[in-house]
Amino acid sequence: MTQHKLSKKKVIVGLSGGVDSSVAAYLLLQQGYEVEAMFMQNWHDTTGTLHGDCPWKDDLTVAKLVAKQLGIPFHFIDLSADYRKKVVDYMFAEYERGRTPNPDVLCNREIKFDVFLKACEDLGADFVATGHYCRKETTTVNGVEVHRLLAGSDPNKDQSYFLCQLSQKQLGRALFPIGHLLKAEVREIAAKLNLPTADKKDSQGICFVGKVDLPVFLQQQLKAKKGDIVELPKDYTPSRASCHSGLDSDWLPQLAQPYTFSPADGKVVGQHNGAHFFTVGQRKGLGVGGHVESLFVVATDVESNIVYVGEGHEHAALNRPALFIKKEEVHWVRPDLHMSAGEERSYLVRIRYRQPLQKATLYCRREGIYVVFDEPQRGITPGQFAAWYDGEELLGSGVINQ
RNA sequence: UGACCUAUGGUGUAAUGGUAGCACAACAGAUUUUGGUUCUGUUUGUCUAGGUUCGAAUCCUGGUAGGUCAA
């Protein structure tokens with residue numbers, strides 16, 4: 001890309017103890033940067049953690065080994081307090097409201113490219129690098145430097161979605177050295193160099209916390225509370241305030257309005273331990289059998305503690321044509337391309353990590369942005385981020401409000 | 001209380017008297033740096049007591065349970 005040999009520029013790479021960041025560090029050295037490594041510890045609690053007792057200690061050991069092998073200085077920083085406050089507390093708060101948060105998007109915005117970034121700057125770094133599968137391209141628009149966030153070249157690993165909340169300022173300091181590579185190529189490089197991370201399994205689960213049993217994890221803060229599981233009949237037709245076919249001014253809010261249900265719309269088929277432990281589209285964990293197709297969570301009502309379910313992927317209540325993002329929760333990675341009230345544009349949108357991009361039209365209104373999809377979307381989930389792309393460039397994102 | 005019907009794994013169901021299948025759930029593994037999804041695999045059953053038969057989930061009798069119709 002535009003990463004020419006910029007000798008003397010100092011980069012600190014967030015070494016996690018995985019392959020990706022290891023290879024990223026190596027590539028930065030190749031490109032002539034002055035490279036240092038910093039391992040961040042963000043979590044030490046193992047409550048509800050599934051595998052291993054202290055996975056981060058192993059990661060730390062491996063990260064040190066990698067730094068030693070590459071011959072770069074190694075730093076350690078404990079950001080647990082920040083992580084708890086900015087990521088974990090947010091998670092609990094969102095679940096409590098009945099929404100489904102995305103902690104990793106927050107982790108990038110609040111930790112890696114904020115607190116961690118500042119720590120790196122304190123050490124004199126010009127840039128911070130990570131092992132994300134995404135690319136950055138810096139160009140000039142009207143004489144102003146603009147950073148573009150592009151999808152990773154490996155279509156199967158693209159992680160740009162997780163960075164959808166970054167600002168120009170944050171992007172300006174970021175480097176993604178492996179974004180143009182395929183995962184297989186990264187592993188190959190690691191293997192050639194004999195890096196201890198070459199064969200290490202990819203990490204999964206909430207980054208830094210690890211693979212957890214979510215209900216158990218959440219029960220640290222949110223108490224279990226028995227409630228009804230209400231099944232909506234298969235032929236149920238969701239109703240909203242009548243939707244006019246015309247172009248009257250409020251057709252958008254109506255189209256994006258979530259369906260509302262009442263216990264009278266279906267029948268009680270089971271019990272759950274708390275509506276806030278469930279998320280729209282969820283299949284596992286309901287414990288209700290006896291159907292031809294699986295039951296999926298269609299909606300949760302935290303107020304009355306009811307989980308609404310429907311049978312099968314195609315259940316009408318599970319699929320919606322549009323979603324809404326509040327004005328305050330709209331974020332433009334490219335502020336120079338932001339939309340103004342009254343504007344509408346066609347973009348490609350995804351509403352969860354790894355979802356294939358969907359054609360949609362964004363309508364900007366005074367109160368926020370309405371995203372109307374060409375095809376109805378299954379499991380539109382409040383709390384998750386919708387990110388819109390123009391081709392392979394991520395332009396903006398926002399929290400799905402409804 | 002009179003008559004009739006039904007009784008299969010956690011749930012819903014299948015099996016001309018001939019080794020009890022399927023779906024859903026649950027569990028496990030794979031995939032996935034959120035939640036979730038998806039894929040693969042595994043476990044568990046003939047209400048009870050007798051009888052007929054070479055052989056019973058299936059036929060007969062009693063019991064128990066649930067349901068339907070009966071004033």
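Each chain gets a letter, A, B and so on, in the order the sequences are listed, and its residues count up from 1.
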Does a side chain donor of either [X] or [Y] reach within less than 3.5 Å of an acceptor in the other side chain?
X      : Y      : answer
A:Q377 : A:N319 : no
A:T100 : A:T381 : no
A:S397 : A:H331 : no

Is any side-chain heavy atom of [X] closer than 4.5 Å to a side-chain heavy atom of [Y]?
X      : Y      : answer
A:K112 : A:H132 : yes
A:L348 : A:K359 : yes
A:L171 : A:L163 : no
A:L218 : A:P215 : no
A:R84  : A:D89  : yes
A:L28  : A:L175 : yes

Nearest-neighbour nucleotide for the [X] side chain, [options] considered:
X      : options             : answer
A:T100 : B:G35, B:U31, B:U33 : B:G35
A:Q384 : B:U31, B:A23, B:U34 : B:U34
A:Y95  : B:G35, B:U34, B:U33 : B:G35

Helical stems, RNA chain B - three or more consecutive Watson-Crick or G-U wobble pairs below 3.5 Å: B:2-7 with B:64-69, B:10-13 with B:21-24, B:26-30 with B:38-42, B:47-51 with B:59-63
Inter-nucleotide P distance (B:C69, B:G10), Å rounded: 30 Å
Residue pairs fulfilling salt bridge (Lys or Arg N to Asp or Glu O under 4.0 Å) with at least one residue in residues 272-297 of chain A, sequence neighbours excluded: A:K234-A:E293
When the distance from [atom1] of [X] to [atom2] of [N] is rounded to whole Å, what number comes out?
X      : N     : atom1 : atom2 : result
A:Y353 : B:U34 : OH    : P     : 7 Å
A:F217 : B:U34 : CZ    : C1'   : 12 Å
A:L214 : B:U34 : CG    : C1'   : 9 Å
A:R354 : B:U34 : CZ    : C1'   : 13 Å
A:L318 : B:G36 : CG    : C1'   : 11 Å
A:L295 : B:C24 : CG    : C1'   : 8 Å
A:H132 : B:U34 : NE2   : P     : 11 Å
A:N156 : B:U31 : CG    : C1'   : 9 Å

Is [X] salt-bridged to [Y], cutoff N-O under 4.0 Å?
X      : Y      : value
A:E137 : A:R135 : no
A:D390 : A:R345 : no
A:K118 : A:D122 : no

Contact list for RNA chain B against residues 159-167 of chain A - heavy-atom distance below 4.0 Å: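 Going residue by residue through residues 159-167 of chain A, the ones with a heavy atom under 4.0 Å of RNA chain B turn out to be A:Q159, A:F162.
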Which is true for [X] with a 4.0 Å heavy-atom rule: it touches a base, it touches only sugar-phosphate, or it touches nothing?
X      : value
A:G131 : nothing
A:K157 : sugar-phosphate
A:T381 : base
A:L286 : sugar-phosphate

Side chain to side chain donor-acceptor pair (under 3.5 Å) partners of A:D20, counting only residues at least two apart: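 By the side chain to side chain donor-acceptor pair (under 3.5 Å) rule, A:D20 matches A:Y133, A:K183.
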Under 3.5 Å, which N/O atoms of the protein pair with N/O atoms of nucleotides 38-44 of chain B?
residue: B:U38; atom: OP1; partner: A:R283; partner atom: NH1; Å: 3.2
residue: B:U38; atom: OP1; partner: A:H313; partner atom: NE2; Å: 2.9
residue: B:U38; atom: OP2; partner: A:R283; partner atom: NH1; Å: 3.2

Under-4.0 Å side-chain N/O to phosphate OP1/OP2 contact, A:K201 with B:A30: no
Sort me out a list of protein N/O and nucleotides 7-15 of chain B N/O pairs below 3.5 Å, or just none if empty.
residue: B:U11; atom: O2; partner: A:G290; partner atom: N; Å: 2.8

Pair A:Y363 and A:F324, ring centroids less than 6.0 Å apart: no
